[in-house]
Amino acid sequence: MIPPLRRVRQSVGAAGPALAGVIAVAAASAQPTVYTEGVVAADHALASRAGAEMLARGGSAVDAAIATSLTLSVVRPMSCGIGGGGFMLIYDPSRPEGERAVALDYRESAPAAVGTDFFRTLDDPDASRFTGAAAGVPGTVAGLAEAHRRFGALPWADLFGPAIRAAEDGFAVDESYMRSAREAIRWYEADPSRKDRFGFVWRRLLRDGAVAEGDVIRNPEQARALRLIARGGHDAFYTGEIAREIVRAAQDAGGVITAEDLAGYTPRAVRPLEGEFLGRRVLTMPLPSSGGVALIQTLGALERYAARRDATLAQWGPRSPDYLHALTEAFKHAFADRAALLGDTPEARAAAARLISPDALDSIAARIDPDTTQPRGGYGAGLAASPPPDDAGTSHLSVVDGRGMAVACTETINLTFGSRVAVEPFGFCLNNEMDDFTTAPGAVNAFGLRQSDANLPAPGKRPLSSMTPTIALDRAGRVELVAGAAGGPRIITGTAQAVLNVLAFGMSADRAVSAPRIHHQFFPPVLAVEPGLIEPPAPAADAGPAEVMRMVRAVEDGRRIKEALETRGHRLGRIESVGVVQIVRRSGDGFQAASDPRRGGSPAGVRAGRVEADPRIER
Ligand code: DON
């Protein structure tokens, strides 16, 4: 095994020396690290560290989140960035009650030229995925600027340092980058004309198909964009040189974004959706994300269902068939409602309020049969879909600062490298978020989600999302948990399970994100299970007798779970990964943090005024 310190240096790549001065690497230990002055969990070590650097300089959780987001724009160009959008949930305990929680919606919006029939008139099956028409008006820069205006403590320009360094000095390609690269290279090879049409991603980010782990990727073009935005703020992106190049890139690739669309983009600041779970207040994202509705439905239904059976979730445990069955059934109800009712409209908002009402949660709980699944109609409208792709087009970051302010932020360009249409002079990809709309009645999106007319495109409308940035407050009103995920619809199921693992089962941050997960999105009618739950990994060749015995027991346990679920009527399938989750959870007066090993980032926090990376997560 590579010693932790070397692993940390490796993932820092060429930008490492610039940061080395502020970094002290915590010694590996069996005990979770508890950060007392703030911590950031992102899915890339450099991004977490960028945020922690701001915390160490006295920045707020929002400053840290912005620096982290900007760095992710550079080092995770397949996932998120200034060509995309996102949601940021902020909780600031120092403000008066009623002003403490804000949900910033900086989701991409449909350009003015996009009406209900837009994609049907284009006669191109790729139109909503890999053309300029796939791109919504990007929201990330506007969202970050608004977050800073409301909650920033450090000067705006100071937040750009780590991202600009990563873009100019370069960052090392890691295993997670390579997974996305391999997927994208296959797509280019399937139609080599794409190598010209989507040349920036092919040449620069995939190195003409020859990119390899350890390569250093530099992006001076994006560094230039970041410098302009550092100086000029929101307007530097939405008017002027960058805006002109966005319009040119989108329109040259068949899109319709105009200068007016960009100049008119505004983030929305709304009240978070609120639910209750085991005595905690759960704050999460309202529409146009379905994630918050589905999370509150799932948690609320599970708590009530357990109570109806005179039990608690903790008594059942995270690997019990009773729990896994009920969780699956709750997911199916939530996804059925998502498909039928949700979108960025006033009617859908009214429906969302009904769906999370106590009566509706009681009703789901009452409809879960402990012994069996329901016929298809028992969950809502019958819909068919294809399985979701393996995909990396989103990134979630969780932050707390030393004063107790928390940020849960999920950002995306939708699919891996978004639309693959790049704004080449500024080194970033445009999103393909338009595919999250109902592009034609009955059509499924890239994640196999079929949706209703409530989610048809319209000028200025924002496509329905699954992103689920979430903050839970304990009984004393303190931040207890910050969570969220990447992974399309698996964002909802992945986030819900991380929340349950902490709040219902009391797991440490590491265990809560690494424990195997399940996924059901109603259709396809398959309960997808990660390998570790019912098929444990084979023991190492040099495993001792104790380890072999442990494995034998794990195999038996897996078989027991499988049989119990199949007896209840679930059709089991296999899935490599149910989302990529980043959490921060309270531990006494400090916080533990975990970045999901499924993507291999690591958290970074502050103790005694110094930035510390957690080497235990660097495996
Ligand atoms: O907003 C959504 O729900 C999707 N655009 C998210 C896409 C995603 O998470 C890609 N996978 N990692």
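Bear in mind the structure is a predicted one, so any value in this text is a computation, not a measurement. In listed order, ligands and their atoms are each counted from 1. Keep in mind that the numbers below use all heavy atoms, side chains included, and drop hydrogens, waters and symmetry copies.
The ligand atoms of ligand 1 that sit less than 4.0 angstrom from a heavy atom of E433 are 1 (O), 4 (C), 5 (N). Residue F447 approaches ligand 1 through these ligand atoms, each under 4.0 Å from one of its heavy atoms: 7 (C), 8 (C), 10 (C). Those atoms of ligand 1 that come under 4.0 Å of a heavy atom in G393, given as number and element, are 10 (C), 11 (N), 12 (N). Of all atoms in ligand 1, listed by their number and element, those nearer than 4.0 Å to a heavy atom of S466 are 1 (O), 2 (C), 3 (O).
N455 places no side-chain N or O within donor-acceptor distance of the main-chain N or O of S452, the cut-off being under 3.5 Å.
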What verdict does the side chain to side chain donor-acceptor pair (under 3.5 Å) test give for H396 and T394, after you've listed the backbone C-alpha separation in whole Å, the side-chain angles of each residue and the deciding distance to 0.1 Å?
CA-CA 7 Å; H396 175 83; T394 301; over 6 Å; no
F417 vs W187, test: ring pair (Phe, Tyr, Trp, His ring centres under 6.0 Å). Steps then yes/no.
CA-CA 11 Å; F417 297 110; W187 180 83; 9.8 Å; no
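Within the 4.0 Å heavy-atom criterion, neither part of E108 lies near ligand 1. Contacts between I491 and ligand 1, counted as non-hydrogen atom pairs separated by less than 4.0 Å, involve the side chain only. The parts of T394 lying near ligand 1 are both backbone and side chain, judged by heavy-atom distances below 4.0 Å.
S69 and E411 form a side-chain donor-acceptor contact under 3.5 Å, judged by distance and modelled atom types alone.
Between R599 and D596 there is no salt bridge, since no side-chain nitrogen of the basic residue lies less than 4.0 Å from a carboxylate oxygen of the acidic one. Ion pairing between D191 and R197 holds under the 4.0 Å rule for side-chain N and carboxylate O.
Considering backbone and side-chain atoms together, G487 places an N or O closer than 3.5 Å to an N or O of ligand 1.
By the 4.0 Å heavy-atom criterion, R107 is counted among the residues contacting ligand 1.
Relative orientation of the Y379 and H333 rings is tilted, given thresholds of 30° and 60° on the angle between their planes.
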